[in-house]
Amino acid sequence: MAMVGLFWIAEGDVYVGAKPSGLAAGVRLTPEGVVALGDKQSAFYPWDEVRSLTVEDAPVKSLKRQVGVLVDLALTVGLGGSDDAPAMTVRLARPESEATELTAYVAAATGYSQAEYDLSLTLLTRMTEGEATLRTTLAAMAEWGRTREGGSPRAPERETLLREWAEGGAA
């Protein structure tokens, strides 16, 4: 399992945000469509019905954010605060329908770099451009996940992977 940008890739499965477990909310991307997982958002959206896919509320790294995360962690652990994981909104637009908002949990403890966030949004846009593009992109991501050992790569490698996938390369 590894995090690359806003994506969590576990063997051949690609998720937006963290891979959910149990009844937790999550979003899985498959060659057939977008799968909303979890107790209150279980649904399937075929790609031919998806006009756009974006992510909002994803925490982007900044010095202020990193200090805030440390303060929140201290309060959570030291004062018995909430153990709720931070979530982001995956917005799915379909023709002749209001946008659907799905929840996915954040996989990056201190947030995502601005570059990874931007590249991830580019990649999500690419996936909605057509079936051939979608299948090529998801296949490259899944293949990388199946052959990856040793957890998440460092930031420069993650950015390189996102660029290659967004440009249609097999990374």
Side-chain angles (χ1 to χ4, degrees), residues 1-60 84-109 111-148 152-153 158-171:
M1 294 188 286
M3 182 191 73
V4 180
L6 298 177
F7 306 98
W8 189 260
I9 304 170
E11 297 174 0
D13 296 332
V14 178
Y15 298 87
V16 178
K19 178 182 177 181
S21 63
L23 298 176
V27 177
R28 183 174 171 211
L29 307 177
T30 71
E32 295 77 28
V34 178
V35 182
L37 303 166
D39 186 33
K40 296 180 182 171
Q41 69 176 26
S42 181
F44 174 75
Y45 305 94
W47 283 111
D48 61 352
E49 293 180 13
V50 177
R51 294 296 173 252
S52 70
L53 196 58
T54 60
V55 176
E56 301 170 357
D57 308 323
V60 176
D84 292 336
M88 53 192 177
T89 302
V90 179
R91 184 180 292 269
L92 188 141
R94 297 179 294 153
E96 301 178 23
S97 175
E98 286 189 34
T100 300
E101 293 186 350
L102 305 172
T103 299
Y105 289 101
V106 174
Y112 303 96
S113 74
Q114 186 67 54
E116 284 186 90
Y117 176 74
D118 293 341
L119 288 164
S120 295
L121 292 182
T122 299
L123 191 53
L124 286 169
T125 297
R126 180 170 169 68
M127 289 182 191
T128 62
E129 290 176 350
E131 185 175 348
T133 302
L134 164 72
R135 289 191 182 279
T136 302
T137 304
L138 272 178
M141 294 173 80
E143 180 60 26
W144 179 86
R146 281 190 287 277
T147 61
R148 174 71 185 173
S152 298
R158 293 192 308 261
E159 289 176 22
T160 298
L161 285 165
L162 289 166
R163 276 190 195 90
E164 289 176 1
W165 292 334
E167 292 169 2

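Nearest heavy-atom pair, P31 versus R135, reported as atom, atom and distance to 0.1 Å: CB-NH1, 3.1 Å. Across all non-hydrogen atoms, the minimal contact from R146 to G12 is NH1-CA, 3.5 Å. Closest approach of T136 to G168, counting heavy atoms only: CG2-O, 4.2 Å. Taking each heavy atom of L134 and M127 in turn, the nearest pair found is CB-O, 3.5 Å.
Atom CE of M141 sits about 4.5 Å away from atom CZ of F7, to the nearest 0.5 Å. Distance check: L119 CG to W165 CH2 gives 11.5 Å after rounding to the nearest 0.5 Å. R148 contributes atom CZ, which lies 14.0 Å from atom CD of E11 (distance to the nearest 0.5 angstrom). The CG atom of L161 sits 6.0 Å away from the CH2 atom of W144 when rounded to the nearest 0.5 Å.
Y117 places no side-chain N or O within donor-acceptor distance of the main-chain N or O of G111, the cut-off being under 3.5 Å. Distance alone, capped at 3.5 Å, places no donor-acceptor pair between the R28 side chain and the V35 backbone. Here the side chain of Q41 pairs a donor or acceptor atom with the backbone of G26 at under 3.5 angstrom. In this structure, T103 contributes its side chain and A25 its backbone to no donor-acceptor pair below 3.5 Å. No side-chain donor-acceptor contact under 3.5 Å links R51 to the backbone of A93. A donor-acceptor pair under 3.5 Å is absent between the side-chain atoms of W8 and the main chain of D13, judged by distance alone. Judged purely by atom type and a 3.5 angstrom limit, Y112 uses its side chain to pair as donor or acceptor with the backbone of A107.
In this structure, the side chains of L29 and V34 come closer than 4.5 Å at one or more pairs of heavy atoms. A 4.5 Å side-chain heavy-atom check between T160 and E164 finds at least one atom pair inside the cut-off. Within the 4.5 Å cutoff, no side-chain heavy atoms of S120 are placed close to those of V55. With contacts defined as side-chain heavy-atom distances shorter than 4.5 Å, the pair R158/S113 does not qualify.
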Please tabulate, one pair per line, all N/O donor-acceptor pairs under 3.5 Å involving side-chain atoms of residues 14-23, not counting sequence neighbours.
none

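Around atom CD of E32, more than 12 heavy atoms belonging to other residues, nucleotides or ligands sit under 6.0 Å away. Under a cut-off of 6.0 angstrom, the local environment of CD in E98 is sparse, with at most 12 non-hydrogen atoms contributed by other residues, nucleotides or ligands. For E129, the CD atom counts as densely surrounded, since its 6.0 Å shell holds more than 12 non-hydrogen atoms of other residues, nucleotides or ligands.
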Exercise. Apply side chain to side chain contact (heavy atoms under 4.5 Å, CB included) to V4 and L162, showing your working.
Key: CA-CA 7 Å; V4 180; L162 289 166; 3.8 Å; yes
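Note on R163 versus E167: no salt bridge recorded, every NZ/NE/NH1/NH2 to OD/OE distance being 4.0 Å or above. With respect to the salt-bridge test (charged N to carboxylate O, under 4.0 angstrom), the residues R91 and E101 qualify.
Results of the side chain to side chain contact (heavy atoms under 4.5 Å, CB included) test with L53 over L124, V27, L123 single out L124 as the only residue that passes.
Every residue two or more places apart in sequence or in another chain was checked for a side chain to side chain contact (heavy atoms under 4.5 Å, CB included) with S42, and none qualifies.
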